[in-house]
Amino acid sequence: MGDIVNPKQVYRYKQLVKDSELLTRRYECLKKAVIGYSVQGRELIALKLGSGKRKIMLNGAHHAREWLTTALLMNMVEDYCERYENEKNVKILLQDVSIWFVPMVNPDGVTLVQDGVEQFEESDLLIQMNNGSEVFDGWKANIRGVDLNRQYPIDWENIDDQIQKPAPAMFKGPKPLSEPEAKSLYDFALKHKFSFVACYHSSGEEIFWQYKLSGKEYVYAKGFADQLSTITGYRLVDPGPDPSGGGFTDWFIMVQKRPAFTIEIAPYVGPVPVPLKHYNKIWTENKEVGMILARACLYN
Ligand SMILES: [Zn+2]
């Protein structure tokens, strides 16, 4: 393990900012970009590893309580930087392919889950959205109570709208891309035309990879999904012919017409952050995911 990123801690936005700075200072192969700002003005940080024209993207923490995905991605960033410097084949690969990481899509929500509601000016409103509770462990939404992974413009109208107001989870918002975090990631994806995308979530040890694909496209995507399932040990989930839309993966598969994967790390732990005791296993299962998708770019 490298000596900058410590993934076995409550991994905060401030740590992400600091580690991004230290890593880009140490490794020439790594660049930082800010792709937008959260509702409360926190940076939406992207880290680019390598210089290749072909590109893939891995993102994490769309959902606030799923912040262990940020720690995992930052661990991957440092590990891959070290390998770039020490392994010739990795350096050659990353001169052909760039890996973009967006480790924390929802920094306001993550901060709310980790540090509690007291520090937020709008604490009364947040407690009201949280059904009167001051316990925010289960919060998934952004700071306005919108579920960022129900914001993307793919079958948005058809998402079941049982939850019609800001809430800890599942509220799809007043319209697609109403939230700056989702809009920023959407614009970023349109600009870069990634060959593959992996969206990290928790929990359940599952991979979602299919959204209304059929025929050749189904077979093509299934090939990569099988490969990811083999290395992670996670089971593949097919949502069937009538899935609920609005997710980044769904949008990317249908509109960008390239494979995308939602990877749910960790054994199922219920509606709370994944305990750190699961981290070593998660790292072993996922550390090669970025490299495998990068290598897949060379042949596809
Ligand atoms: Zn999630």
Side-chain angles (χ1 to χ4, degrees), residues 10-11 13 16 38 44 57-74 76 101-114 129-130 136-152 154-156 159-160 162-163 166-173 176-177 179 181-182 184-186 189 197-211 225 228 232 234-239 243-253 260-276 278-279 282 285-286 289:
V10 175
Y11 200 89
Y13 168 73
L16 168 67
S38 68
L44 304 177
M57 189 246 289
L58 291 85
N59 63 66
H62 259 94
H63 289 143
R65 72 185 184 215
E66 300 169 14
W67 52 257
L68 196 59
T69 58
T70 302
L72 170 66
L73 289 172
M74 290 304 285
M76 216 184 268
F101 297 86
V102 183
M104 194 183 283
V105 177
N106 182 8
D108 301 347
V110 168
T111 302
L112 174 64
V113 168
Q114 292 173 337
M129 282 184 217
N130 200 30
F136 281 80
D137 288 6
W139 190 271
K140 289 174 84 175
N142 76 347
I143 208 70
R144 292 202 290 225
V146 177
D147 191 323
L148 297 177
N149 211 30
R150 298 193 138 206
Q151 271 273 290
Y152 296 95
I154 180 73
D155 295 335
W156 184 86
I159 301 174
D160 82 76
Q162 284 180 349
I163 305 217
M170 306 295 269
F171 176 52
K172 67 182 184 178
L177 306 177
E179 303 310 298
E181 297 90 351
S184 300
L185 196 67
Y186 168 86
V197 169
C199 302
Y200 271 100
H201 289 254
S202 68
S203 59
E205 299 184 336
E206 296 173 332
I207 299 172
F208 294 83
W209 60 280
Q210 145 73 325
Y211 191 83
L228 293 180
T232 56
Y234 298 170
R235 76 187 173 97
L236 298 182
V237 183
D238 186 331
S244 166
F248 186 89
T249 299
D250 313 331
W251 169 75
F252 192 86
I253 290 171
F261 308 93
T262 296
I263 304 178
E264 303 272 1
I265 60 168
Y268 183 70
V269 297
V272 290
V274 174
L276 291 170
H278 294 294
Y279 187 75
I282 292 166
E285 291 160 345
N286 288 279
V289 166

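For ligands, and for the atoms within them, numbers begin at 1 and follow the listed sequence. Remember, predicted model here, so these are calculated numbers, not experimental data. Residue numbers start at 1 and run along the sequence shown. Because only heavy atoms are used, hydrogens play no part in the values below, and waters and symmetry mates are left out as well, while side chains stay in.
- A donor atom on one side chain and an acceptor atom on the other are found under 3.5 Å apart for Glu181 and Asn142.
- No side-chain donor from either of Glu205 and Tyr268 sits under 3.5 Å from a side-chain acceptor of the other.
- In summary, the aromatic rings of His62 and Tyr152 are positioned with their centroids under 6.0 Å apart.
- Evaluation of the salt bridge (charged side-chain N to carboxylate O under 4.0 Å, His left out) test over residues 101-112, restricted to residues two or more places apart or in two chains, returns Arg42-Asp108.
- For the Zn ion (ligand 1), the count of nearby protein N, O or S atoms, meaning those under 2.8 Å away, is 4.
- Ring-centre distance between Tyr186 and Trp251: below the 6.0 Å cut-off.
- The aromatic rings of Phe136 and Trp139 sit tilted, their planes meeting at an angle between 30° and 60°.
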